[in-house]
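Here's the structure, in structure tokens; my notes come after.
Atoms within a ligand are numbered from 1 in the order they appear, just like the ligands themselves.
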Amino acid sequence: MSAVRFLYDCDPGADDALAMLLALGRPDALDMIAVTCVAGNVGLDPVVTNARRILELAGRRDIPVYAGAAGPIMAPRGRVSIMHGSDGLAGSTLQPPTMPVADGHAANEISRIARAEGKLHICATGPLTNLALALLLDPELPAYVSAITIMGGAAFCPGNTTPLAEFNFAVDPHAAAIVFDSGIPITMLGLDVTRQAVVTEQMIRDAQAIGTPVAQEAAHLLVNYGSKDPCLHDPAAIAWMLAPEIFKTVHGHVAICTDSGPAAGQVVASVSERHLAGRSPNCTIVTIVDAEAFGRLFLDALKP
Ligand code: RIB
Ligand code: CA
């Protein structure tokens with residue numbers, strides 16, 4: 001079976017970087033054709049810098065990197081994550097990038113690339129602002145997107161940014177609502193499952209033992225990011241694309257709270273017939289992962 005061509009929308013961020021290395025380590029199965037960047041863990045400029053640093057580390061200067069939204073559509077700006085260090089890569093020693101930033105705004109490029117591909121798979125592991133803007137600019141976009149795999153939300157568990165909301169959806173609740181209302185088939189890997197995909201001491205030792213520059217950087221990220229947040233949130237989204245069989249899911253209707261109050265960004269997941277109340281499910285909600293299988297998948301992708 002040929003590799004799945006996909007666009008990666010992200011906010012690296014250490015776990016986004018690990019997700020990139022996981023995907024790039026499996027060219028047999030995944031073909032990352034473009035990276036679009038959104039402000040999230042850190043500001044837009046360091047996000048765009050980090051995406052290029054990781055692509056250059058992996059020898060993939062051929063993959064274009066597009067800059068996107070510097071903040072949410074309507075929500076208050078300024079929310080950043082404290083988990084990724086001031087540079088966004090947990091104090092990485094990677095050199096500044098030399099590859100250029102590609103021309104074009106991410107929102108426009110998502111639409112252009114989807115139309116060129118005919119049916120594009122998108123993986124999104126940051127605030128969904130770029131995807132929402134693309135949908136607003138190009139209302140016909142859903143016809144050209146086969147599926148969106150999202151790291152975000154907390155369907156049946158507490159949030160990590162507020163008691164009710166996960167970071168990506170808390171940063172831009174309106175964008176999340178626009179994406180979940182788009183009609184595009186969505187798989188959501190929220191904190192429900194990503195909190196099971198944790199960094200282990202064995203994973204760190206195994207990564208360090210590989211000895212390549214990619215594996216060394218991955219080990220650095222696992223140690224330094226993992227010491228603050230041991231959950232490999234974004235790599236779980238890539239793992240879903242690689243091996244859905246190691247996960248368990250439920251189907252439901254997901255709505256996002258866009259109030260400006262304490263529930264902003266909350267996921268309201270309806271699974272039972274009574275809760276659905278006649279609405280069709282709009283989301284595959286991932287709830288469980290085989291953590292050992294996930295760890296093996298991750299480590300194997302780091303090997304040359
Ligand atoms: O809540 C975790 C998510 O928020 C991850 O995508 C992390 O990179 C941050 O963007
Ligand atoms: Ca992220």
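- Checking side-chain atoms of Asp9 against main-chain N and O of Cys123 turns up no donor-acceptor pair under 3.5 Å.
- Counting heavy atoms from C-beta on, the side chains of Val179 and Leu135 come closer than 4.5 Å.
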Does ligand 1 have any N/O pairs with the protein under 3.5 Å, and how far apart?
{"residue": "ligand 1", "atom": "1 (O)", "partner": "Asn160", "partner atom": "ND2", "Å": "2.9"}
{"residue": "ligand 1", "atom": "1 (O)", "partner": "Glu166", "partner atom": "OE2", "Å": "2.6"}
{"residue": "ligand 1", "atom": "4 (O)", "partner": "Asn168", "partner atom": "OD1", "Å": "3.3"}
{"residue": "ligand 1", "atom": "6 (O)", "partner": "Thr125", "partner atom": "O", "Å": "2.8"}
{"residue": "ligand 1", "atom": "6 (O)", "partner": "Asn168", "partner atom": "ND2", "Å": "3.1"}
{"residue": "ligand 1", "atom": "6 (O)", "partner": "Asp234", "partner atom": "OD1", "Å": "2.6"}
{"residue": "ligand 1", "atom": "6 (O)", "partner": "Asp234", "partner atom": "OD2", "Å": "3.1"}
{"residue": "ligand 1", "atom": "8 (O)", "partner": "Asp15", "partner atom": "OD1", "Å": "2.5"}
{"residue": "ligand 1", "atom": "8 (O)", "partner": "Asp15", "partner atom": "OD2", "Å": "3.3"}
{"residue": "ligand 1", "atom": "8 (O)", "partner": "Asp16", "partner atom": "OD1", "Å": "3.0"}
{"residue": "ligand 1", "atom": "8 (O)", "partner": "Asn41", "partner atom": "ND2", "Å": "2.9"}
{"residue": "ligand 1", "atom": "8 (O)", "partner": "Asp234", "partner atom": "OD2", "Å": "3.1"}
{"residue": "ligand 1", "atom": "10 (O)", "partner": "Asp11", "partner atom": "OD1", "Å": "3.3"}
{"residue": "ligand 1", "atom": "10 (O)", "partner": "Asp11", "partner atom": "OD2", "Å": "3.0"}
{"residue": "ligand 1", "atom": "10 (O)", "partner": "Asn41", "partner atom": "OD1", "Å": "3.3"}
{"residue": "ligand 1", "atom": "10 (O)", "partner": "Asn41", "partner atom": "ND2", "Å": "3.4"}
{"residue": "ligand 1", "atom": "10 (O)", "partner": "Asn168", "partner atom": "OD1", "Å": "2.8"}

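- Arg52 is linked by a salt bridge (Lys or Arg N to Asp or Glu O under 4.0 Å) to nothing, counting only residues two or more places apart in sequence or in another chain.
- A distance of 8.5 Å separates CD1 of Ile246 from CZ of Arg296, quoted to the nearest 0.5 Å.
- Between the side chains of Glu56 and Thr98, at least one donor N or O sits under 3.5 Å from an acceptor N or O.
- The hydrophobic cluster around Phe167 extends to Val171, counting ILVMFWY residues whose side-chain heavy atoms fall within less than 4.5 Å of a member.
- At distances below 3.5 Å, not a single donor-acceptor pair connects side-chain atoms of Thr149 with backbone N or O atoms of Ala237.
- By the criterion of a separation under 3.0 Å, the protein N/O/S atoms near the Ca ion (ligand 2) amount to Asp11 OD1, Asp16 OD1, Asp16 OD2, Thr125 O, Asp234 OD2.
- A distance-only check finds a donor-acceptor pair linking the side chain of Gln196 to the backbone of Val289 [under 3.5 Å].
- Under 4.0 Å is where a charged nitrogen must lie from a carboxylate oxygen, and between Arg115 and Asp138 at least one such pair does.
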